[in-house]
Amino acid sequence: MKKRERSLEELYRDDPERADALLYNRKTGTSRRGFLGGAGVAAMGAMVGGTIPFSQNMPAGFVPAAFAQATPPAPPEKKGPQLLDFPGKDKNLVVLGDRPLVAETPESLLDDDTTPTAKFFIRNNGNPPATVAAPDTWKLAIDGEVNKPLEISLGDLKKNYKPQTLRMVLECGGNGRGFFSPTARGNQWNNGGAGCAEWTGVSLADVLKTAGVKPSGVYTANYGADAHLSGDPKQLTLSRGVRMAKAMEPQSLLVWAMNGKPLENVHGGPLRLIIPGWAGSVSHKWVTKITIRDKEHDGPGMLGTNYRVPINPMVPGAKEDPKNFRILESMLVRSIITSPANGSKLAAGTRELKLRGASWAGDLTVKQVEVSVDFGQTWVRVNLNPPKNKFDWQRWTANVKVPSDGYYEVWAKATDQNGKAQPHVAANWNPQGYGSNPFHRVAVLIG
Amino acid sequence: MNTKKRAAFAVRSLFAGLLVVVAFAGVSAIAQQQPQFVPQAEDPDNFPAGPGRDDAFYACAGCHAFRLVANQGLTRERWNETINYMTERHGMPKLEGKDRELILNYLAKTYPPKQEQNRQFQNPFLKQ
C-alpha cells in the first residue's frame, strides 16, 4: 500500500528525506549532510523569514524550528468563511488564501468614509520581506532609460521631495472575480478587494524628473522585495508596470504612510507605489527598483492572460486565443452597498430602507448611482458625493420606500462619466477573471 | 515520549540553536516590529479522498495553500492548462507522465465546474 502523507510536521518526522524531496526538490549529498543545489535553502529561508547561513551544514530532512512552529496541527475544516486572525486587523476580514495571504473586506465593512487600516484588504503575491528596523534606510533605485540612475533612501525621499496626502481607492485587479460564470481561475473575490485610504508620499513624477527620463523611456518595470513562493531567489513573484503617461500622473505616488501612520509591512511598508485607478498589482509593495524601459514591460504578470482582458469577447469557459488580449489598464466602474449588510433582518413594519454606499470607476469619475429594490423593475437615483480629490471614491446615500414586509434585494448600479454602467452579470469573461463588475446585491428581510 | 517524538523534539531543539546562530550571523539587523502572518497548517485529509489526492496536495502546497486549489472549479481541459500555467508563469517544476495524469485526474474529478448560482441561464457553448 502506498505510504500516506500527513501534515508537514508529520511528514518530516516520519521520512525527512522524502519530505525534502516532495517539498523543495532538496537533494541530499552522499554524506547525508547539506544541500546540493535546488531551491530548498531559499524556500526554507523564505519560510523562516530570512536567509539561512551555513545551510551547507544543515542535515538533510531537518525542518527549521521557525518553520515547524509556523505549522500548528491542522484544525478540522470549518464550515463557512475563514476569518482573519492577525494583530491589528479586523476579525471580520475574510481569508481567501493564507499562503500567500489574501484577505478581503466584506462590503458592509467598507462603511467608513476613509477605510481604516484595520479593515483594509490584503493581497500578497509572494512572501513578504521581514520588517525593517530602520525604515528610512530603505533604498529605491531608478534605472533604465534615464539620464541619471538614482539610488535614494526613504529618508531622502521624505526630505528632498514635497510630501502629499491623497485619499485614493486601491483595488485588486481581480476584484469581483467570484461573480464570473463559469468560475475564473484565481482568488474568488466578491467586491471587497478594494478600499480607500489616505496615502502619504511623494509624486513618482518628481523623482523620475530627477533621474531624467529619456525620450526612449515609455514604460515602467516595478520590482519589490517580496520573495517568490517557492523561495527560489532567481524567480520573481511579480513585476508589472505602467505606461509613462500613467506613471507621470501627479497622483501616482511613492508612499510611506497610510491613514497617518507608517505603512505597515502587510500593506507594503516601508515603501510602496500607489498608482491609483489601475489594478493593484502595479502599485508594487515593498518597492525597491523602478526600471524605465524602452518598450512595454514583459515581467511576470504582464503577459499571456495575466491582468489582461479579451479584445473581442470570448466564449465563457473556452480556451483563449492569446492574441486576443490587451492589458487591463483602468479598473471598471463599481458601486457597493455598505449598509445594510447582506442578510440583515429589519423590524416588521419598516417601510423605508436607509442605504449607504460607495462607488468608484478606475481612472474615471462616477456620474450616477441608482438602486432598485424590485429586481431592476424600477430604479432610484442616490445622493452621490463628489470625490475629495481625483481617485477618491464617491460615497452615496439613499432612502428607498418598500411597500410591505418580506424579502427584498437591494441592487446598486453605478454609471461612469462616459455613460458606461455596471452590467447585470459579470461580462467579458476571461480565464483569469479580470473586469468583473456586476451590480452589487444585498438581501434584507423585513419582519 | 516515544522514539519518533523524541527524534522530532531533538530536531527542533537543534534548529532553535541554529536560529540563534542565524541571528548572530547578521539577520539581527532585521527586527520583527510588525507581526508576520502565520498560515494555518493544512493536511491532505482536509480535502476529499481519492487517487492522487496526496500527490496533488504536495505538488501545489509547497508554494501556496491547497485551499486555493480547492476553491476553484474547472473542467479537465482548464485544469490541464492551469498546470501548464503554474509551470510557465509561477515556476512550478514540470509535471509529466503518470504523475501529471494522476494529479490531473484528481483535480478534474474533485473540483469540477461549480453549479451556476443565481442564474437560470446555462452557457450553451461550453461542454461540461
Side-chain angles (χ1 to χ4, degrees), chain A residues 4-9 13-14 22-25 48-54 58 62-66 68 70-75 77 86-88 97-101 128 130-133 181-183 185 187-188 228-230 232 235 264-266 300 304 306 315-319 425 431, chain B residues 4-5 7-8 11-16 18-19 21-22 25-27 29-46 54 57-58 61-65 67-68 71-75 77-78 81-82 85 88-93 113-114 116-119 123 125-126:
Chain A
R4 286 274 303 104
E5 308 294 6
R6 307 288 298 181
S7 69
L8 292 178
E9 195 180 342
R13 193 180 63 206
D14 295 346
L22 277 168
L23 280 158
Y24 302 106
N25 289 325
V48 301
T51 53
I52 306 179
F54 315 126
M58 193 189 283
F62 273 13
V63 52
T71 55
E77 276 286 275
F86 186 65
D98 67 3
R99 196 160 52 90
L101 179 58
T131 306
V132 179
S181 182
T183 315
R185 185 167 59 213
N187 292 298
Q188 299 298 306
H228 191 267
L229 290 170
S230 68
D232 180 354
Q235 291 197 54
E264 290 179 7
N265 175 277
V266 76
N306 287 282
V315 175
K319 187 159 174 53
V425 295
Chain B
K4 271 186 176 176
K5 275 188 180 158
V11 166
R12 283 205 191 159
S13 307
L14 233 168
F15 267 87
L18 178 77
L19 286 180
V21 175
V22 168
V27 186
I30 296 161
Q32 299 292 315
Q33 295 170 316
Q34 288 172 355
Q36 296 275 350
F37 183 77
V38 180
Q40 261 184 27
E42 286 183 332
D43 187 303
D45 278 348
N46 295 145
D54 294 6
F57 181 87
Y58 291 107
C63 275
H64 60 76
R67 223 186 73 189
L68 179 61
N71 285 346
Q72 314 297 315
L74 305 176
T75 60
E77 194 186 4
R78 291 194 55 231
E81 288 162 16
T82 302
Y85 171 75
E88 287 158 16
R89 164 68 181 88
H90 293 292
M92 182 177 80
K114 290 174 184 160
E116 305 238 340
Q117 287 175 347
N118 306 323
R119 290 178 68 181
N123 175 355
F125 300 107
L126 180 65

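In what follows, every chain begins at residue 1, and chains take the letters A, B, ... in the order their sequences are listed. For clarity, every value in this text was computed on a predicted model and none was experimentally measured.
- Listed here is the closest heavy atom pair of A/P100 and B/H64: CD-CB, 3.8 Å.
- Here the closest heavy-atom approach between residue B/R89 and residue A/P300 is recorded as NH1-CB, 3.3 Å.
- B/R78 places none of its side-chain heavy atoms less than 4.5 Å from the side chain of A/K319.
- Side-chain contact between A/V266 and B/F37 is absent, with no heavy atoms from C-beta onward closer than 4.5 Å.
- Using a 4.5 Å cut-off between heavy atoms, A/N187 touches chain B through backbone and side chain atoms alike.
- For B/E77, the part lying under 4.5 angstrom from a heavy atom of chain A is the side chain only.
- Listed by chain and residue number, B/Y85 satisfy the ring-ring contact (aromatic ring centres under 6.0 Å, His included) test with B/H90 (two or more places apart in sequence, or in another chain).
- For the side-chain hydrogen bond (donor to acceptor under 3.5 Å, both in side chains) test, residues two or more places apart in sequence or in another chain that qualify with B/T82 are A/R185.
- Heavy atoms only, all atoms of each residue included: B/G62 and A/R99 are closest at O-NH1, 3.8 Å.
- Looking at B/R67, its side chain never comes within 3.5 Å of a backbone N or O of A/D98 through a donor-acceptor pair.
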